[in-house]
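Take a look at the structure set out below.
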Amino acid sequence: MLITVSGPPGSGKSTNAAGLAEALGLDHVSGGDIFREMAADRGMTPVEFNEHAEDDGDIDRDLDRRLREIATTREAVVLESRLAGWLAGEHADLRFWFDAPVDVRAERIADREDKPVSQAREETLRREASERKRYLEYYDVDIDDLSIYDAAYNTARWGPDRFLDALVATVEAYDPDDDEGKVPIEGVSYDF
Ligand SMILES: Nc1ncnc2c1ncn2[C@@H]1O[C@H](COP(=O)(O)OP(=O)(O)OP(=O)(O)O)[C@@H](O)[C@H]1O
Ligand SMILES: Nc1ccn([C@H]2C[C@H](O)[C@@H](COP(=O)(O)O)O2)c(=O)n1
């Protein structure tokens with residue numbers, strides 16, 4: 001089984017993808033971990049590397065190529081990244097989208113990164129605008145198009161434990177032999 005988890009910064013992808021993988025006995029592959037490894041290899045912090053990615057399109061393409069490779073060759077994985085659902089395409093059994101209001105996400109990020117909420121909010125909005133433009137330019141992907149997802153959640157509506165229970169229940173209700181309503185992914189240029 002391949003499950004993808006996508007969403008904006010601070011939506012709870014890493015935390016809940018890890019929990020889901022553990023609950024289901026699947027591997028967890030985090031785009032964030034690979035991104036941080038790539039930053040460390042170049043002697044940069046993730047924040048510096050993020051800024052660098054705005055000028056150097058090869059960073060997104062390199063990360064996304066690695067993630068697509070994983071999506072198309074591995075099984076029994078929860079794959080989590082901004083574009084995991086788009087990258088996995090038809091290889092994904094289930095594609096999830098997580099989100100939360102920007103004020104909530106800014107608070108979470110401020111807490112996680114020990115910075116003022118106003119700074120986290122401003123950085124997050126700026127980064128999202130930059131990513132939106134890059135994904136359109138590189139892959140013809142409109143990140144605001146949620147039509148490809150099998151389920152989209154506002155993680156702020158659920159406490160962490162109840163959210164994980166809801167996710168596990170959704171996966172358990174999944175029938176791999178039933179393709180009814182599955183949205184095909186068309187028009188993406190996997191041009192890494
Ligand atoms: N359902 C939830 N309810 C409340 N808090 C949550 C929930 N899910 C995750 N969180 C908290 O939100 C914070 C951000 O989560 P996480 O790091 O998983 O986000 P992310 O989407 O992976 O972010 P990024 O894209 O920036 O790496 C964490 O501190 C996590 O504990
Ligand atoms: N093309 C990309 C670029 C970045 N990501 C992810 C990986 C991390 O979770 C995150 C970077 O950290 P953040 O900006 O949220 O602090 O973005 C990706 O999935 N695809």
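Read the numbers this way: they start at 1 and go in the same order the structure lists the ligands and their atoms.
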Task: Six-ring centre of Tyr190, Arg68 cation under 6.0 angstrom, axis tolerance 45° - done: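 Verdict for Tyr190: a cation-pi partner in Arg68.
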
Return the residue, atom name and 0.1 Å-rounded distance of the protein heavy atom closest to [atom].
| atom | result |
| --- | --- |
| atom 25 (O) of ligand 1 | Lys13 NZ, 2.6 Å |
| atom 22 (O) of ligand 1 | Ser14 OG, 2.6 Å |
| atom 8 (N) of ligand 1 | Asn16 ND2, 3.0 Å |
| atom 7 (C) of ligand 1 | Arg108 NH2, 3.7 Å |
| atom 17 (O) of ligand 1 | Arg112 NH1, 2.8 Å |
| atom 28 (C) of ligand 1 | Thr15 OG1, 3.9 Å |
| atom 3 (N) of ligand 1 | Trp158 O, 3.3 Å |

TODO: Please list, by chain and number, the protein residues whose heavy atoms come under 4.0 Å of ligand 2.
DONE: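 Under the 4.0 Å cut-off, ligand 2 touches Pro9, Gly31, Gly32, Phe35, Asn50, Asp60, Leu63, Asp64, Ser81, Arg82, Arg127, Tyr135.
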
Lys/Arg-Asp/Glu bridge criterion (N-O < 4.0 Å) met for [X], [Y]:
| X | Y | result |
| --- | --- | --- |
| Asp99 | Arg105 | yes |
| Glu107 | Arg112 | no |
| Arg42 | Glu48 | no |
| Arg65 | Asp62 | yes |
| Asp150 | Lys182 | no |
| Asp33 | Arg36 | yes |

Task: Atom indices of ligand 1, in the order listed, that fall short of 4.0 Å to a heavy atom of Pro8 - done: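 The atoms of ligand 1 under 4.0 Å from a heavy atom of Pro8 are 21 (O).
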
Heavy atom of [X], distance to ligand 1 below 4.0 Å:
| X | answer |
| --- | --- |
| Arg105 | no |
| Gly32 | no |
| Pro160 | yes |

- [ ] Record the part of Ala156 in heavy-atom contact with ligand 1 below 4.0 Å; permitted values are side chain, backbone, both and neither.
- [x]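 No part of Ala156 comes within reach of ligand 1.
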
Task: Full working for side chain to side chain donor-acceptor pair (under 3.5 Å) between Thr155 and Arg108 - done: CA-CA 12 Å; Thr155 61; Arg108 291 175 178 172; 3.0 Å; yes

Open item on the list: Apply side-chain contact (heavy atoms from CB on, under 4.5 Å) to residues Leu26 and Val77 and explain how you reach the verdict.
Closed with: CA-CA 5 Å; Leu26 305 175; Val77 172; 5.9 Å; no

Indicate yes or no: does an N/O atom of [X] lie under 3.5 Å from an N/O atom of ligand 1?
| X | value |
| --- | --- |
| Gly10 | yes |
| Glu80 | no |
| Thr155 | yes |
| Ile109 | no |

Task: Donor-acceptor under 3.5 Å (Lys13 side chain, Pro8 main chain) - done: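 Confirmed, Lys13 side chain pairs with Pro8 backbone.
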
Open item on the list: Just to verify, what does Tyr139 make a ring-ring contact (aromatic ring centres under 6.0 Å, His included) with, not counting sequence neighbours?
Closed with: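 For Tyr139, the residues satisfying ring-ring contact (aromatic ring centres under 6.0 Å, His included) (neighbours in sequence not counted) are Phe192.
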
Open item on the list: Yes or no, since that's all I need: does a protein heavy atom fall within a distance strictly under 4.0 Å of atom 20 (P) of ligand 1?
Closed with: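 Protein heavy atoms within 4.0 Å of atom 20 (P) of ligand 1 - there is at least one.
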
Task: Stepwise side chain to side chain donor-acceptor pair (under 3.5 Å) check, Arg134 with Ser130 - done: CA-CA 6 Å; Arg134 277 151 43 199; Ser130 165; 2.9 Å; yes

Task: From CZ (Phe96) to CD (Glu80), nearest 0.5 Å - done: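 Result: 13.5 Å between the selected atoms.
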
TODO: Using only heavy-atom distances, determine whether the side chains of Tyr138 and Asp191 contain a donor-acceptor pair under 3.5 Å.
DONE: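 Short answer, no.
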
